[in-house]
Amino acid sequence: MKRAYNFNAGPSAMPEEVLKEAQAEFLNYKDTGMGIIEMSHRSNEYDTMHQETKVLLRELMDIPDNYEILFIQGGGSTQFMMAAANFLHKKAAYINTGVWAKKAMAEAKFFGEAYEAASSADRNHSYIPQEFDIQPGTDYVHLTANNTIYGTEYPEFPKFDIPVICDMSSDILSRRVNVADFDLIYAGAQKNLGPAGVVIAIIKKEFLETARTELPTMLKYSTFAEKDSLYNTPPVFAIYMVNKTLHWIKNRGGVDAVAANNIAKANVIYDVIDNSNGFYKGHAEKEYRSLMNITFNLATPEMEKDFITKGKEAGFIGINGHRSVGGCRASTYNAVPMEACAALADFMKQYQKEHE
Ligand SMILES: *Cc1c(COP(=O)(O)O)cnc(C)c1O
């Protein structure tokens with residue numbers, strides 16, 4: 001069987017090794033005579049895996065001891081609401097870098113005042129703002145690390161003297177970040193870490209203490225922290241796949257090695273764009289280009305459609321842009337191999353030759 005060149009934006013490619021391991025264990029996890037999704041989340045076998053996942057994540061991301069690691073359901077979109085429910089007391093600042101950031105801000109408005117402290121809307125979110133208008137009395141500032149739809153990413157994170165909440169759904173573990181610069185990081189697993197179904201939340205204990213207390217049980221981060229994400233049944237299969245993916249990252253040399261590979265992979269494709277004499281036009285401004293989502297346009301929507309169709313025939317899946325912006329996008333998450341990126345680069349060069 002030949003695996004597809006999978007450039008899907010999310011859910012997206014998983015490491016082949018991880019899928020094979022899960023397949024091999026699916027009917028019989030560690031000689032229990034059952035799969036991990038068939039056993040109690042209170043069993044020793046499950047608990048060992050659950051704890052190990054946290055240890056691995058702490059090690060790979062270098063997460064300080066005063067941070068809790070939580071596994072929550074509901075995707076990144078539920079975090080938009082949950083973060084605000086817990087931490088928006090009066091007002092919160094949102095950096096509008098596109099669709100996801102805007103959605104986060106819209107949810108926050110249910111809980112208090114949410115204002116735009118900066119926006120890249122004036123140039124269709126092709127860059128990351130560098131100046132922020134933070135008002136006095138702001139509870140936190142919310143950032144979107146990587147803008148999956150536009151293909152922009154913070155090259156470096158700005159520093160603030162108020163708490164920082166960051167949505168890392170589409171670039172967690174793709175590069176090194178200093179966790180101590182953030183008070184809450186959240187990320188849906190389905191882009192870089194595993195299947196849909198679990199969100200990883202990394203939260204500073206001191207920040208957690210400032211959370212609103214009069215909230216329903218499942219909306220409180222403290223419930224997850226106090227009960228080790230086992231207050232209710234956790235998404236066991238998703239966590240198990242994250243566990244395997246973390247092992248895979250570790251075996252490849254950790255985050256720095258994976259990041260170096262991500263830079264090399266993205267450059268193979270960006271180089272084609274940059275050397276195409278304008279045949280391909282990158283959407284993101286160069287210094288804000290994402291390593292995870294490479295967005296570009298051809299001369300006309302008709303040509304883009306043809307490019308995507310021919311690409312599909314040649315085995316390249318998921319190279320269409322997000323429905324809200326159009327164009328083309330190749331998502332090159334951790335699990336997408338260099339071989340796929342090199343093949344896409346070759347295809348792009350060939351396509352240009354035939355259509356110039
Ligand atoms: C995909 C994505 C989301 C939404 O995640 P869901 O799990 O589908 O709710 C949020 N933020 C970013 C940056 C994303 O890429």
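When reading the values below, keep in mind they use all heavy atoms of this one structure, side chains included, and skip hydrogens, waters and symmetry mates. Indexing begins at 1, ligand by ligand and atom by atom, following the structure's order. Source: prediction; values computed, not measured.
Taking every non-hydrogen atom of N146 and a distance limit under 4.0 Å, the qualifying atoms of ligand 1 come out as 13 (C). Here is the list of ligand 1 atoms found below 4.0 Å of a heavy atom in T144: 13 (C). Interface atoms of ligand 1 facing S170, defined by a heavy-atom separation under 4.0 Å, are 13 (C), 15 (O).
Atom CG of N267 and atom CD1 of I273 lie 11.0 Å apart (nearest 0.5 Å). Interatomic distance, L173 CG to T245 OG1, rounded to the nearest 0.5 Å: 10.0 Å.
Counted within 6.0 Å of CD on E156, heavy atoms from surrounding residues, nucleotides or ligands total 12 or fewer; the atom is thus considered open.
With respect to atom 15 (O) of ligand 1, the closest heavy atom belonging to the protein is T148 OG1, 2.5 Å. When hydrogens are left out, the protein atom nearest atom 5 (O) of ligand 1 is G76 N, 3.7 Å; that is the closest non-hydrogen contact. Regarding atom 13 (C) of ligand 1, its nearest protein heavy-atom neighbour is D167 OD2, 3.4 Å. The single protein non-hydrogen atom nearest to atom 1 (C) of ligand 1 is K191 NZ, 1.3 Å, given as residue, atom name and distance. Ranking protein heavy atoms by distance to atom 9 (O) of ligand 1, first place goes to S77 OG, 2.6 Å.
You'll find the ring centres of H322 and Y150 outside the 6.0 Å limit. Ring-centre distance between F160 and F132: below the 6.0 Å cut-off. Between F87 and F111, the distance separating the two ring centers is not shorter than 6.0 angstrom.
Residue V199 does not touch ligand 1, judged by heavy-atom distances below 4.0 Å. For Y186, no heavy-atom contact with ligand 1 is shorter than 4.0 Å.
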Side-chain donor-acceptor distances from residues 187-201 under 3.5 Å, at least two apart:
| from | atom 1 | to | atom 2 | distance (Å) |
| --- | --- | --- | --- | --- |
| N192 | OD1 | N334 | N | 2.9 |
| N192 | ND2 | I172 | O | 3.3 |

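Within the structure, ligand 1 has Q190 among the residues with a heavy atom less than 4.0 angstrom away.
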